[in-house]
Amino acid sequence: MPDIKSITVEATVEAPIAKVWQYWTEPEHIMQWNNASDDWHTPRATMDLQEGGRFNSRMEAKDGSEGFDFNGVFTKVVPHKQLEYTMEGGRTVSITFDERDGTTHVVETFEAENENPLEMQQQGWQSILHNFKTYVETH
């Protein structure tokens, strides 16, 4: 079995944990920030925020040329602290939220896939996290 590589991205969001958690977990907010570039968007999202609950975000190119469902099942939900889930296909993700003097440090670690270079995956996930940070800080 090949080595499974993990990638970590992180950001400090200038907002309290309650707002960060809300914007990370509510579909109406997810649809506003969940894209790696301006030519993509998330036209719909669903979230059953409990252990064993499923989530789905439909990610599409704005020109309609391509798209995919990003989905999985939550394996751990600790409100305002941690989320863990298994993506369709079996890769795992862990996200921690750490409040620090009115800001929230978000750390997301995920198992890499084998189709794209590690650097591309890290840049894509970091870009989405940056969009999240910008959205939370400006709304």
Side-chain angles (χ1 to χ4, degrees):
M1 184 157 165
D3 284 340
I4 297 174
K5 302 242 188 289
S6 289
I7 298 173
T8 298
V9 297
E10 56 189 290
T12 298
V13 182
E14 299 291 327
I17 187 72
K19 181 178 181 183
V20 169
W21 182 264
Q22 175 186 5
Y23 282 31
W24 189 275
T25 60
E26 292 183 359
E28 62 267 28
H29 294 296
I30 294 167
M31 292 185 298
Q32 302 304 312
W33 59 261
N34 190 34
N35 57 286
S37 62
D38 290 341
D39 54 343
W40 278 70
H41 67 147
T42 299
R44 68 180 178 277
T46 59
M47 176 82 62
D48 181 11
L49 191 61
Q50 62 180 331
E51 291 178 17
R54 297 191 62 79
F55 68 90
N56 180 282
S57 295
R58 177 66 188 172
M59 302 173 82
E60 297 179 352
K62 288 181 179 176
D63 67 6
S65 63
E66 57 184 314
F68 62 93
D69 286 324
F70 181 79
N71 55 47
V73 176
F74 290 107
T75 56
K76 185 173 187 176
V77 177
V78 181
H80 298 189
K81 295 280 185 209
Q82 186 175 19
L83 288 174
E84 292 182 2
Y85 60 85
T86 301
M87 293 181 274
E88 186 175 301
R91 294 185 300 129
T92 61
V93 179
S94 176
I95 307 144
T96 58
F97 303 84
D98 182 23
E99 190 165 29
R100 301 176 179 177
D101 298 322
T103 68
T104 304
H105 191 70
V106 180
V107 178
E108 192 171 15
T109 302
F110 64 96
E111 290 180 342
E113 42 92 345
N114 295 318
E115 296 175 23
N116 295 293
L118 295 176
E119 299 77 25
M120 179 186 289
Q121 294 178 64
Q122 181 165 17
Q123 289 171 356
W125 285 60
Q126 187 69 56
S127 180
I128 292 170
L129 185 55
H130 177 75
N131 284 346
F132 173 75
K133 171 182 167 65
T134 300
Y135 176 74
V136 172
E137 292 177 354
T138 59
H139 289 83

Using modelled atom types only, decide if a donor and an acceptor are shared between the side chain of [X] and the backbone of [Y] within a distance under 3.5 Å.
| X | Y | value |
| --- | --- | --- |
| Asn131 | Asn35 | yes |
| Thr104 | Ile17 | yes |
| Lys19 | Val136 | yes |

Candidate pair Phe55 and Thr46, rule side chain to side chain contact (heavy atoms under 4.5 Å, CB included), full reasoning: CA-CA 5 Å; Phe55 68 90; Thr46 59; 5.6 Å; no
field: Option from Leu49, Val93, Asp48, Thr86 for which side-chain contact (heavy atoms from CB on, under 4.5 Å) with Phe74 holds
entry: Leu49
With a 4.5 Å limit on heavy-atom distance, are the side chains of [X] and [Y] in contact?
| X | Y | value |
| --- | --- | --- |
| Glu84 | Thr92 | no |
| Phe70 | Asn56 | no |
| Glu111 | Lys5 | no |
| Val107 | Val9 | no |

Over 12 foreign heavy atoms within 6.0 Å of [atom1], [X]:
| X | atom1 | value |
| --- | --- | --- |
| Lys81 | NZ | no |
| His130 | NE2 | no |
| Asp38 | CG | no |

message: So, using salt bridge (charged side-chain N to carboxylate O under 4.0 Å, His left out) as the criterion, who are the partners of Glu137 when residues are at least two apart?
response: Lys133
message: The criterion is salt bridge (charged side-chain N to carboxylate O under 4.0 Å, His left out); which residues satisfy it with Glu60, sequence neighbours excluded?
response: Arg58
Would you compute the distance between atom [atom1] of [X] and atom [atom2] of [Y] and round it to the nearest 0.5 angstrom?
| X | Y | atom1 | atom2 | result |
| --- | --- | --- | --- | --- |
| Ser127 | Phe132 | OG | CZ | 14.0 Å |
| Arg91 | Tyr85 | CZ | OH | 9.0 Å |
| Ser57 | Ile30 | OG | CD1 | 5.0 Å |
| Thr25 | Leu83 | OG1 | CG | 7.5 Å |
| Glu14 | Thr134 | CD | OG1 | 11.5 Å |

task: Before giving the answer on side chain to side chain contact (heavy atoms under 4.5 Å, CB included), spell out for Ile7 and Thr109 the whole-Å C-alpha distance, their side-chain angles and the decisive distance to 0.1 Å.
output: CA-CA 6 Å; Ile7 298 173; Thr109 302; over 6 Å; no
task: Begin with the C-alpha distance, continue with both residues' side-chain angles, and end with the deciding distance and a verdict on ring-ring contact (aromatic ring centres under 6.0 Å, His included) for Trp125 and Phe110.
output: CA-CA 9 Å; Trp125 285 60; Phe110 64 96; 3.8 Å; yes
Identify the heavy atoms of [X] and [Y] that sit nearest to each other, and give their distance.
| X | Y | value |
| --- | --- | --- |
| Gln82 | Ser94 | NE2-OG, 3.5 Å |
| Pro27 | Ala45 | CB-O, 3.3 Å |
| Tyr23 | Tyr135 | CD2-CE2, 3.3 Å |
| Asn34 | Met59 | O-CE, 3.7 Å |

Side-chain donor-acceptor distances from residues 115-122 under 3.5 Å, at least two apart:
residue : atom : partner : partner atom : Å
Asn116  : ND2  : Glu113  : OE2          : 2.8
Gln121  : OE1  : Glu113  : N            : 2.9
Gln121  : NE2  : Glu113  : O            : 3.0
Gln121  : NE2  : Asn116  : O            : 2.8
Gln122  : NE2  : Thr8    : O            : 3.3

message: Please evaluate residues Glu26 and Met47 with respect to the criterion side chain to side chain contact (heavy atoms under 4.5 Å, CB included), reporting the C-alpha separation (whole Å), side-chain torsions for both, the decisive distance (0.1 Å), and the verdict.
response: CA-CA 7 Å; Glu26 292 183 359; Met47 176 82 62; over 6 Å; no
message: One pair to check against side chain to side chain contact (heavy atoms under 4.5 Å, CB included): Ile95 and Val106. What are the steps and the verdict?
response: CA-CA 7 Å; Ile95 307 144; Val106 180; 3.9 Å; yes
message: Is there a ring-ring contact (aromatic ring centres under 6.0 Å, His included) between Phe97 and His80? Walk through the geometry before answering.
response: CA-CA 6 Å; Phe97 303 84; His80 298 189; 8.8 Å; no
- prompt: When clusters are formed by joining ILVMFWY residues with side-chain heavy atoms under 4.5 Å apart, either directly or through shared neighbours, do Met31 and Val20 land in the same one?
  reply: no
